[in-house]
Amino acid sequence: MAGFSFAPVAASRALDQTLPAAPARVLRADRLFTGASPQTVPQGAVAIADGFVVWSGPAAALPAEYAGWLTDDYGDATLLPGLVETHAHLAAYEKAVQPDVPAPETHKVAWETLSSVKIARQLASLGVTAVQSLGAADYTDVALREAIRAGLVPGPRLVAAGPAVTLTAGHGWRGGAAADSIPELLRQVRFHHQAGADLVKVMATGGFMSHSTAPWNAQFTLAELLAIADDAHRLGHHAAVHAHGTEGIRRAVRAGFDFIAHCSFVDADGRTAFDPQLADEIAQRGVFVDSSAVPAFPVVPGQPAAALAKQLYDHGVLLVIGHDIGAVTSAAAYRHGLSRLAEAGLPTAEILLAATSRGAAAVGLSGVVGVLEPGYQADLIVVGGNPLANLAALDDIREVVIGGRRFDRETVPPWTPPVGNAGSPEVARQAWLDRQSR
Ligand SMILES: [Zn+2]
């Protein structure tokens, strides 16, 4: 992070301040994974009160003052911090469904805000208690964050970017905030601050899903990226980029960005070419990278979908869990993605740390959630069995607690692969070449 330490998001604001206080209670299970280390505590217990963890450790050492509290013993189960999705676009997935009225565009903002409630609730139902929105038109993610916080709708803790900053006709320009010079970029950063965004998200390269860009081309100069990152940090926000192309990744890292989405090392010829020196630089600077490196759609048989994530991990990069949920895939992609990381060779303890404490740090919630220790907010899940032995335990969610309160889970449709192969580098490259030769 180039020496910069950003202020924790919403550190002083509790969720659901309008609701009665969450009851004090003790949760016990055969295993406790606190998120502070790769080990589990056998026969663990967590005491929570007023929305915070007040004690955690081996149940046998539970202090007498908590012994009389309401206690739930889950037996052969594991207590762990709530999971963190670092890369979602909550309003995007239901775009196919529109209000059945003569002019649906009249209701665009309200419709997108309401639509995003659904995927936010689905994520929380899967144990994802904190979600970073990496781009939403009209700041609908900021409004939803506030609605959840105020208790208007139940949902996960949101960290909201508002509209992603891009160029005129740049990647994601339809729902994004266009800026074509340093003064315009600074103005956008300050608009985001004014509107209550938690971070600034910048489209540092083109993307696979916009006709006017190529994923391997950098969209901003180093000077432009430096201006954005510095001003975001000055205002207490972290700064994230979308970056497929290697040159865009390099500029973002050198400009001091805190978070890279995709990081897929797409070279100037449109093909993926991992750059070990750049990976080392990302690791040295402590930049977080999400696990959504573009896989081939459909996945190449015999080739792990998360091979690039494994290479980054091997270079010591701070990998976190992010799937572009909403933009390209459904809420259930979260669990699917964790299994793909395990298949690629990441240890389960590493995956769970990436999904909890490190994910929380990556979205500005360091010291707030992601660890089950005193002083952290009580965002936790209980799963049957032992997820360190087998991630499938995460499919057996017994309870989700957000801010000390039980979240009322709903049934989430199972994961299905994204339709078509719009995300394939080869397809994007061919489409680009076709347009050039028209
Ligand atoms: Zn995205």
Side-chain angles (χ1 to χ4, degrees), residues 84-95 112 115-116 119-120 123 128 130-142 144 158-167 170-178 192 197-220 228 238-245 248-249 252 257-266 287-295 297 305-306 308-309 319-331 333-334 336-337 359 362-364 418 422-425 428:
V84 181
E85 165 66 22
T86 66
H87 186 171
H89 302 277
L90 299 170
Y93 207 59
E94 297 293 336
K95 282 229 171 86
E112 289 185 6
S115 297
S116 59
I119 200 157
L123 281 164
V128 180
V131 177
Q132 177 166 263
S133 162
L134 275 191
D138 304 301
Y139 297 93
T140 57
D141 51 356
V142 175
L144 179 60
L158 286 191
V159 174
V165 177
T166 188
L167 297 171
H171 178 55
W173 63 270
R174 277 182 204 282
H192 280 65
D198 295 305
L199 72 147
V200 177
K201 156 81 178 294
V202 181
M203 300 300 199
T205 71
F208 289 106
M209 287 156 63
S210 52
H211 283 188
S212 50
T213 75
W216 48 91
N217 284 344
Q219 296 203 135
F220 293 102
I228 302 168
H238 55 295
V241 286
H242 150 111
H244 287 298
I249 296 169
F257 276 76
D258 311 291
F259 186 101
I260 303 171
H262 305 300
C263 200
S264 33
F265 294 97
V266 179
V287 182
F288 296 100
V289 175
D290 78 18
S291 54
S292 72
V294 169
F297 292 148
L308 200 50
L319 201 68
V320 293
I321 308 302
H323 299 94
D324 222 348
I325 284 175
V328 298
T329 189
S330 62
Y334 195 93
H336 176 81
V363 303
S424 152

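All values reported here derive from a predicted model rather than from experimental measurement. In each ligand, atom 1 is the first atom listed, and ligand 1 is the first ligand listed.
A distance-only check finds a donor-acceptor pair linking the side chain of H242 to the backbone of G206 [under 3.5 Å].
Protein N/O/S atoms found under 2.8 Å from the Zn ion (ligand 1), listed by chain and residue number: H87 NE2, H89 NE2, D324 OD1.
The side chain to side chain contact (heavy atoms under 4.5 Å, CB included) check on A261 picks up H87, L134, F259, D290, with sequence neighbours excluded. Legend: residues meeting side chain to side chain contact (heavy atoms under 4.5 Å, CB included) with T140, ordered by chain and number and at least two apart, are A91, V109, E112, T113, A136, D138. With sequence neighbours excluded, the residues that form a side-chain hydrogen bond (donor to acceptor under 3.5 Å, both in side chains) with H192 are Y139.
Note that the NE2 atom of H238 and the NZ atom of K201 stand 11.5 Å from one another [nearest 0.5 Å]. Here the CG atom belonging to L123 is positioned 9.0 Å from the OH atom belonging to Y334, to the nearest 0.5 angstrom.
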